[in-house]
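Worth saying up front: this structure is predicted, and the values here are computed from it rather than measured. For ligands, and for the atoms within them, numbers begin at 1 and follow the listed sequence.
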Amino acid sequence: MGLSIEMKEGIQNDPARFITQEIKEYVSSSPDNRLSFMNDYVLWDEPLVQFAGGDDPIFTEYKTIIASTYLTPREALAKTYERKADDLPERLSVISWILPAAEETRKTNRAETYVPSRLWSHTRYYGEKFNEKLRAHVAEILTSMGYLAVAPFLQPYFEIFNNEKGPYSNWSERHVAFAAGLGTFSLSDGFITERGIAHRCGSVVTDLVLPVSPRTAKSPYSNCLFYVDGSCIACIERCPAGAITQKGHDKIKCHAYLRDTLGYSTDALIDGYDNDKSVAGCGLCQTKVPCEFQNPTKK
Ligand code: B12
Ligand code: SF4
Ligand code: SF4
C-alpha cells in the first residue's frame, strides 16, 4: 500500500487522530459497508475508537477471568512475528473500535420476537465481512509505515474453545474494548458503550505508541441498569431461547438457538435471507431494550 506524504506526517504528528480518522473514513467511504443489492444500505454508523496499553495488567487478568489460553497483546504480536515476547518493542498499543448498527437495522430487529430481521442478519454476515476488511486495512496501514501490527482475530492461531459454560476464544474483542475504556459488560453479556449495545467491535495490536484512553467505568458491569439498581431486565423478556436470567447469560442455550433453531443444523428459519446460514445472528436481546443505542445509566 502506498502512503501519501500527508499520511506519513499525520501518523507521526498525531497518531491517535490519524488512526481514528482513518477508521472513520474507511467506515464512511468503503463500498463494503454497503449492501449493493439493497440500494446501497449503509450497515454501520460512525465508529467509536479508543486505545489500550498493550501491557495493561488487565490483559494478564483475563487469563484468570477467561482462561489460561487467552493471549495478551504482546503474546499475539510475538506469535505473529515469530519472536519472543520480550524481544518486542517496550511499548505496545491496542486499537479498539465499535461499529454501531444503523437505525433501520435496529428498528427492524425491534419488531421481531423470534428470528432476527433480514437487516440484522445481513449486518451479522456482511457487516462482519466488512469488520474483517477494516481489521486488515488498519493493520496494513501500520505495517506499510514500518510498524508491527496484527489483528489477532484474523490470524490462524485465533481459536474458539468450549467448556462447561460454552464457547470462549483466545482473543475477545469485547474484553479489548473494556480495556480501552469503551464501555462495560451487562446482564445479557453484551457490551454497552456510549452508543449502546447493538454493535460489533474489532481490534489491532501495534507497536505504534498511542495515548491510553481512560477507563472510567466503576465496574465491569456498571453500564447495565440491572447491575446498577436491580431494575430493567428487558433483555430477559426479549430472549426467545430463555438464555438470559437474573443469573446472567447462558452461552450454551444461546448458541444452541443460533445453531439449531435459526442456523445451520436444522431447516433454517431464516432460509431465504441469502446469508450463509451458519451466521444467522439473533441479537433480539440487543434491540428494543433501554441499552440498545445509548448508555442507559446516563440521564
Ligand atoms: C464465541 C462467541 C459467541 C458465542 C458465545 C458468546 C459469549 N458471550 O461469549 C455465541 C455463539 C453464544 C455468541 C452469540 C452472540 N454473539 Co458472539 N461472539 C463470540 C466470539 C467469537 C468470542 C467471544 C468470547 O470469546 N467470549 C469470551 C468469553 C469468556 O466472554 P464472556 O463469557 O462474555 O465473558 C464474561 C466474563 O469475562 C465476565 N467477567 C467476569 N469477571 C470479569 C471481570 C472483568 C474485569 C471483565 C472485563 C469481565 C469479567 O464478563 C463477561 C460477560 O459476562 C466474539 C468475537 C471475539 N473474538 O471477540 C463474538 C461476539 C462476542 N459476538 C457478538 C455478537 C453481536 C453476538 C450475537 C448478538 C449474535 C448476533 N450477531 O446476532 C449473540 C449475542 C450473545 C450475547 N447475549 O452475548 C459480538 C458482541 C458485540 C456486543 N454488542 O457485545 C462479538 C464481540 C463479535 C464482534 N466482532 O463484534 N457469540
Ligand atoms: S436490557 Fe437492561 S438489564 Fe439487559 S443488558 Fe440492557 S440495561 Fe442491562
Ligand atoms: S442472541 Fe438471541 S438467543 Fe442469544 S441471548 Fe440474545 S436474544 Fe437470546
Side-chain angles (χ1 to χ4, degrees), residues 58-59 61-62 64-67 69-70 97-101 109 112-117 120-121 123-125 127-128 131-132 134-135 151-154 158-163 165-179 183-193 195-203 215 217 219-221 223-244 246 248-259 261-263 278-292 294-297:
I58 198 159
F59 289 111
E61 284 174 40
Y62 291 158
T64 315
I65 295 166
I66 300 174
T69 44
Y70 194 81
W97 61 83
I98 302 290
L99 299 170
N109 218 41
E112 299 293 343
T113 53
Y114 195 44
V115 300
S117 70
W120 184 276
S121 198
T123 301
R124 164 67 188 89
Y125 185 63
E128 180 53 25
N131 197 14
E132 285 182 10
L134 175 59
R135 288 179 182 97
F153 180 75
L154 299 182
F158 173 77
E159 244 185 293
I160 300 179
F161 308 95
N162 274 285
N163 64 14
K165 288 187 184 159
Y168 64 97
S169 63
N170 56 357
W171 185 261
S172 165
E173 303 289 23
R174 290 186 297 190
H175 286 76
V176 174
F178 179 80
T184 79
F185 289 90
S186 68
L187 183 63
S188 74
D189 247 4
F191 189 79
I192 305 178
T193 70
R195 293 290 312 276
I197 198 169
H199 63 80
R200 293 187 74 82
C201 40
S203 61
R215 201 154 56 230
S219 87
Y221 294 93
N223 286 354
C224 171
L225 292 170
F226 177 75
Y227 288 104
V228 169
D229 59 13
S231 69
C232 189
I233 66 169
C235 50
I236 296 184
E237 276 138 43
R238 282 289 282 157
C239 177
I244 308 170
Q246 295 205 7
H249 174 237
D250 182 332
K251 290 196 267 184
I252 294 177
K253 273 192 183 167
C254 172
H255 188 212
Y257 188 73
L258 266 66
R259 183 191 60 210
T261 309
L262 303 177
S278 65
V279 285
C282 172
L284 296 187
C285 57
Q286 301 191 343
T287 48
K288 209 179 174 190
V289 288
C291 55
E292 178 189 303
Q294 63 195 352
N295 176 350
T297 65

Heavy atoms only: which of [options] is nearest to [atom]?
atom: atom 3 (S) of ligand 2; options: Asp189, Ile233, Thr184, Val228; result: Ile233
atom: atom 22 (C) of ligand 1; options: Pro116, Ser169, Ala177; result: Ser169
atom: atom 71 (N) of ligand 1; options: Arg124, Arg215, Lys165, Lys253; result: Arg124

Return the residue, atom name and 0.1 Å-rounded distance of the protein heavy atom closest to [atom].
atom: atom 4 (Fe) of ligand 2; answer: Cys235 SG, 2.3 Å
atom: atom 57 (N) of ligand 1; answer: Trp171 O, 2.9 Å
atom: atom 40 (C) of ligand 1; answer: Tyr221 OH, 3.6 Å
atom: atom 2 (Fe) of ligand 3; answer: Cys282 SG, 2.3 Å
atom: atom 52 (C) of ligand 1; answer: Asp189 OD1, 2.9 Å
atom: atom 8 (Fe) of ligand 3; answer: Cys239 SG, 2.3 Å
atom: atom 64 (C) of ligand 1; answer: Arg200 NH1, 4.0 Å
atom: atom 29 (C) of ligand 1; answer: Ile66 CG2, 3.6 Å
atom: atom 34 (O) of ligand 1; answer: His175 CE1, 3.3 Å
atom: atom 6 (Fe) of ligand 2; answer: Cys291 SG, 2.4 Å
atom: atom 28 (C) of ligand 1; answer: Lys251 NZ, 3.6 Å
atom: atom 7 (S) of ligand 3; answer: Cys285 N, 3.4 Å
atom: atom 49 (C) of ligand 1; answer: Ile65 CG2, 3.6 Å

Under a 4.0 Å heavy-atom limit, does [X] contact ligand 1 with its side chain, its backbone, both, or neither?
X: Arg259; answer: neither
X: Glu173; answer: both
X: His199; answer: both
X: Ile244; answer: neither
X: Ala243; answer: neither

Closer than 4.0 Å: a protein non-hydrogen atom to [atom]:
atom: atom 16 (N) of ligand 1; value: no
atom: atom 87 (C) of ligand 1; value: yes
atom: atom 25 (O) of ligand 1; value: yes
atom: atom 19 (C) of ligand 1; value: no
atom: atom 2 (C) of ligand 1; value: no
atom: atom 32 (O) of ligand 1; value: yes

### Message
Can you tell me if, anywhere in Cys232, an N/O/S atom lies at a distance from atom 2 (Fe) of ligand 2 that is smaller than 2.8 Å?
### Response
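Given the 2.8 Å cut-off, Cys232 counts as a ligand of atom 2 (Fe) of ligand 2.
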Counting only nitrogen or oxygen atoms and a 3.5 angstrom limit, does [X] reach ligand 1?
X: Cys201; answer: yes
X: Phe191; answer: yes
X: Ile197; answer: yes
X: Ser188; answer: yes
X: Glu61; answer: no
X: Cys282; answer: yes

### Query
Is it true that Gly283 lies under 4.0 Å from ligand 3, counting heavy atoms only?
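Flag set, Gly283 near ligand 3.
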### Task
Report yes or no: does a heavy atom of Pro240 sit under 4.0 Å from some atom of ligand 3?
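A heavy atom of Pro240 does come that close to ligand 3.
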### Task
With heavy atoms of Trp120 as the reference, note each atom of ligand 1 found under 4.0 Å away.
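By the 4.0 Å cutoff, the relevant atoms are 70 (C), 72 (O).
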### Summary
The atoms of ligand 1 lying under 4.0 Å from a heavy atom of Glu128, numbered in the order shown, are 89 (N)
Give the numbers and elements of all ligand 2 atoms closer than 4.0 Å to a heavy atom of [X].
X: Cys224; result: 3 (S), 5 (S), 8 (Fe)
X: Phe226; result: 3 (S)
X: Ser186; result: 5 (S)
X: Val289; result: 1 (S)
X: Leu225; result: 7 (S), 8 (Fe)

Rounded at 0.5 Å granularity, tell me how far [atom1] in [X] sits from [atom2] in [Y].
X: Lys288; Y: Thr113; atom1: NZ; atom2: OG1; value: 8.5 Å
X: Glu159; Y: Asn170; atom1: CD; atom2: CG; value: 6.0 Å
X: Gln294; Y: Ile197; atom1: CD; atom2: CD1; value: 12.0 Å

### Message
Please determine whether any non-hydrogen atom of Gly166 lies less than 4.0 Å from an atom of ligand 1.
### Response
no
### Task
Take every heavy atom of Glu159, measure it against each atom of ligand 1, and state whether any distance is under 4.0 Å.
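So Glu159 does not count as touching ligand 1.
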### Message
Determine whether a donor-acceptor pair (N or O, by modelled atom type, separation under 3.5 Å) exists between the side chain of Arg124 and the backbone of Cys282.
### Response
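Such a contact is absent between Arg124 side chain and Cys282 backbone.
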### Message
Is the ring pair Phe191/Phe178 parallel, tilted or perpendicular, if the boundaries are 30 and 60 degrees?
### Response
perpendicular
### Message
Among Ile236, Asp189, Ile233, exactly one meets side-chain contact (heavy atoms from CB on, under 4.5 Å) together with Ile244. Which residue is that?
### Response
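Filter result, single survivor: Ile236.
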#### Entry: Non-hydrogen atoms of Ile252 and Asp250 that approach each other most closely
N-OD1, 3.0 Å
### Task
Identify the two heavy atoms, one from Val176 and one from Ser203, that lie closest to each other, and give their separation to 0.1 Å.
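Closest approach of Val176 to Ser203, heavy atoms only: CG1-CB, 3.8 Å.
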### Query
Any side-chain donor paired with an acceptor under 3.5 Å for Asn131 and Glu128?
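Side-chain D/A pair, Asn131 to Glu128: present.
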### Task
May I ask you to say whether Glu173 pairs ionically with Arg135, meaning some side-chain N is under 4.0 Å from a carboxylate O?
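Judged by the 4.0 Å cut-off on N to carboxylate O distance, Glu173 and Arg135 do form a salt bridge.
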### Residue part near ligand 3, for Gln286, under 4.0 Å between non-hydrogen atoms
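Neither part.
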### Query
Centroid-to-centroid, His175 to Phe185, below 6.0 Å?
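Ring centres of Phe185 and His175 closer than 6.0 Å.
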